Every structure is written in C-alpha cells, then in structure tokens.
Amino acid sequence: MSPEVVTLGETMVLFQAESVGPLREATTFRRLIAGAETNVAIGLCRLGHTAGWIGRVGDEDFGRAVLFRLRGEGVDVSRVIVDDTAPTAVFFRERRELGPIEVLYYRRGSAASNLSPNDLDPAYIGGARYLHLTGITPALSASCRDTVFQAAEIAQAAGVPVLLDPNLRRKLWTLEEARATLRDLASHCDVVLPGLDEAELLTGETDPERAARAILALGPSLVIVKLGAEGALAVTEDERVAVPAVPLPRIVDPVGAGDAFAAGFLAGQLRGFDLATSLGLANRCGAIATTAPGDADVFPRWDEVAAEGALPDVRR
C-alpha cells in the first residue's frame, strides 16, 4: 500500500555548528540529517499523514543514521536503496544571529547522485495521492534529472497530482541551467511552490501575481508564491488567494521553513481544506519551523497547529 505522499531525492548528514559565528571558528557540531524532500515527509507524518521517500544512501553508518531517523519519524523507507558503491553526502552549516548562513557541501559522487529511473516503483508512485518533487534532485546528476522527470510522468499517467518546490540551489548549477530545467519540469507538474526570487528566475517577472500567472502558462493548475514576511499568494486560472504571514518576534533559523510550508499545504489538501485554509496552515507550519535551529527538528505536530485561533485569517 502506498503512503499518501511520495517524494524522492537526496538526504544528507548535517553537522551544525553549536556556537554562533563563522564555520572557520566552529569546533563542536551537532549531527542531524537534512534533505528538503525528507523534511516534507517528516512534516507530513507529524501532521498525521503518511509519507514515503525514494532515495539512495551509502552502506555505512551515516546511511544507517538517515534510515533510523526517518523510520523513527514514521516515514516509509521501503523504496530506499542502500548503495555499497558510494557514500552518504554530508554538509556543514554555521549558526548566525544575523545575515546569511554559510553552508559547505560534500556531496559530489554521493549515493543519492546514483539515483536512476530504474529505482522507481510505478505502482508505489501511482498509489499515492500526491508526488512531491524539488528542483534540487535534477541538479545532482544526469540520472537524477531523468529520474525526476520519469517520476512526474508516472504520476501524471496515474492521475496523481505532482507538486514542485523549485528549491533553487545556486551552488549546484548555473542560473541558466536551473531556469531551463525548472521551467521544463514545471510543465509536468500540477502545483508549483516558488519563492519570489525563484518565480522571478522562472519568468523574469518581479511582481508576484504576474510571475504566478506566467508559471501557470507553462502548464500547472495552481501556483503558490511564498512571500516571507508578506505571507503567500496562490493563483489559479480563475482564483486568487492571498494569506498574511504569521507574525514572529524573532526568526532563529529560516532553514527548512519552505519545506514545512509545503508539508502544511499538502496536509491541508489531504484533509479536504479549501485553498485559503490550506495556505493558512502552510504559513503556520513555516513560521514554527523558524523558531529554533535545525531543519525538521521543530516541525509542528497536528495539535500545535490545530489549536483554536492558531491559523491566521485569510483574505481573498
């Protein structure tokens, strides 16, 4: 039996500095796991849904750490391949109170980069209610790119909606490569969730609504532009919904907020919520994710976001 949401991509071992400051001064680190796709899977499980991850990990303790953590969160890893020819990728992230956060990746030649279309189980994808993809995976290797497009085609043939979060990673490819591939991938998807900078990259438009409508023209039926402190804007062919952000006194760590947003939106759709309510839930989940360091560590559980008054007001 397939989980409600299937996702695929790379999950890495993260070493996060325990002290605030540049990486060159860090001497102690906390070991975590991190990956946009598995962040979403964890977020969905915490919100009371089922999620499965397709990927590859190395046949070593880092790979086992990834699987142990995901199993502990309730994520189905039955379609994960343990690769004895390549390692699990690792990366290091500094802590900052202000300004951009430096991240160093060691992922070239990782097990995840060996992901191929042969690793896909069409029945597993076809039995889900959503397929979740990101723009990270197609940037890892040619075989990963082929796998992502093949997964989208499998889902569409089975009538499974495909959600794409561009999740632009500038260190993985050029902006020209990213734009061409993500525009192509968007045309194979039903829902696209870009940030404003990603929407501008895809379309050349700086206005959120004009950018959303330009992405709609590529083929999706729904585009949601994440606007940070301004909330989120959803656009379909005949509907426009704007949702204000959840006010926060302080943002501790913005990393993972977009993944929590995606998990919240999918949870709302799976529960039959209308678009506005799903966006309100997504914004709430994204806001909670910024309140402590780490990726999915502070993603909320359902009782945290379903409390009376927890969801923000919406406007059409």
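Quick caveat, the model's predicted, so the values are computed rather than measured.
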Report summary line: Shortest non-hydrogen pair, A186 vs P220, comes out as O-CG, 3.4 Å
Query raised in the report: Which heavy-atom pair separates V225 from A212 by the least distance, and what is that distance?
Result: CG2-CB, 3.9 Å
Query raised in the report: Just by distance, do the side chain of E94 and the backbone of L23 share a donor-acceptor pair under 3.5 Å?
Result: yes
Report task. Answer with yes or no whether the side chains of N114 and S116 bring together a donor and an acceptor at under 3.5 Å. Result -> no
Requested in this report: Kindly indicate, with the supporting measurements, whether the criterion salt bridge (charged side-chain N to carboxylate O under 4.0 Å, His left out) is fulfilled by R129 and E4.
Outcome: CA-CA 5 Å; R129 293 178 61 186; E4 292 173 288; 3.5 Å; yes
Query raised in the report: Taking atom types as modelled, is there a side-chain donor on E25 or S19 under 3.5 Å from an acceptor on the other?
Result: no
**Report entry** Between T134 and E37, a side-chain donor and acceptor under 3.5 Å
**Finding:** yes
**Report entry** Qualifying residue, where the test is side chain to side chain contact (heavy atoms under 4.5 Å, CB included) with C189 and the options are L222, L164, V223, L218
**Finding:** L164
Query raised in the report: With a 4.5 Å limit on heavy-atom distance, are the side chains of V90 and M12 in contact?
Result: no
Report task. For S2 and A128, work out which heavy atoms get closest and say how close. Result -> CB-N, 3.8 Å
Query raised in the report: How about E60 and T88: does a side-chain donor come under 3.5 Å of a side-chain acceptor?
Result: yes
Query - Shared hydrophobic cluster, V75 / V5 (ILVMFWY, side-chain heavy atoms < 4.5 Å) - result: no
Query - Contact summary for A26 and A17, nearest pair of heavy atoms - result: CB-CB, 3.8 Å
Requested in this report: Determine, for D184 against R145, whether the closest basic-nitrogen to carboxylate-oxygen distance falls under 4.0 angstrom.
Outcome: yes
**Report entry** Sidechain N-carboxylate O distance under 4.0 Å for D165, K226
**Finding:** yes
Query - pair I33-F62: side-chain heavy atoms closer than 4.5 Å - result: no
**Report entry** Side chain to side chain, L120 and I154, heavy atoms closer than 4.5 Å
**Finding:** yes
Query raised in the report: Side chains of T277 and D274: donor-acceptor distance under 3.5 Å anywhere?
Result: yes
Query raised in the report: Are side-chain heavy atoms of T11 and V57 found at a separation under 4.5 Å?
Result: no
Report summary line: Between the CG atom in L47 and the CZ atom in F299, the distance rounded to the nearest 0.5 Å is 9.5 Å
Query - From CA spacing to verdict: side chain to side chain donor-acceptor pair (under 3.5 Å), E200, T206 - result: CA-CA 5 Å; E200 182 178 353; T206 57; 5.8 Å; no
Query - Side-chain donor-acceptor contact under 3.5 Å, R30 with Q16 - result: no
Query - Under-4.0 Å salt bridge between E102 and R93 - result: no
Query raised in the report: When you check the gap from the basic side-chain N to the acidic O, do D76 and R71 get nearer than 4.0 Å?
Result: no
Query raised in the report: Any Lys/Arg nitrogen of R95 or E18 sitting under 4.0 Å from an Asp/Glu carboxylate oxygen of the other?
Result: no
Query raised in the report: Counting N and O atoms only, with roles assigned by atom type, does the side chain of N283 sit under 3.5 Å from a partner on the main chain of P244, one being a donor and the other an acceptor?
Result: yes
Report task. Assert yes or no for the condition that the ring centre distance of F91 to Y106 is strictly below 6.0 Å. Result -> no
Query raised in the report: Any link between I42 and V13 through a network of hydrophobic side chains (Ile, Leu, Val, Met, Phe, Trp, Tyr) touching at under 4.5 Å?
Result: yes
Report task. Give a yes or no on whether the backbone of R301 and the side-chain of E304 come within a donor-acceptor separation of less than 3.5 Å. Result -> yes
Query raised in the report: Taking the six-membered ring for Trp, are F15 and F29 parallel (under 30°), tilted (30 to 60°) or perpendicular (over 60°)?
Result: perpendicular
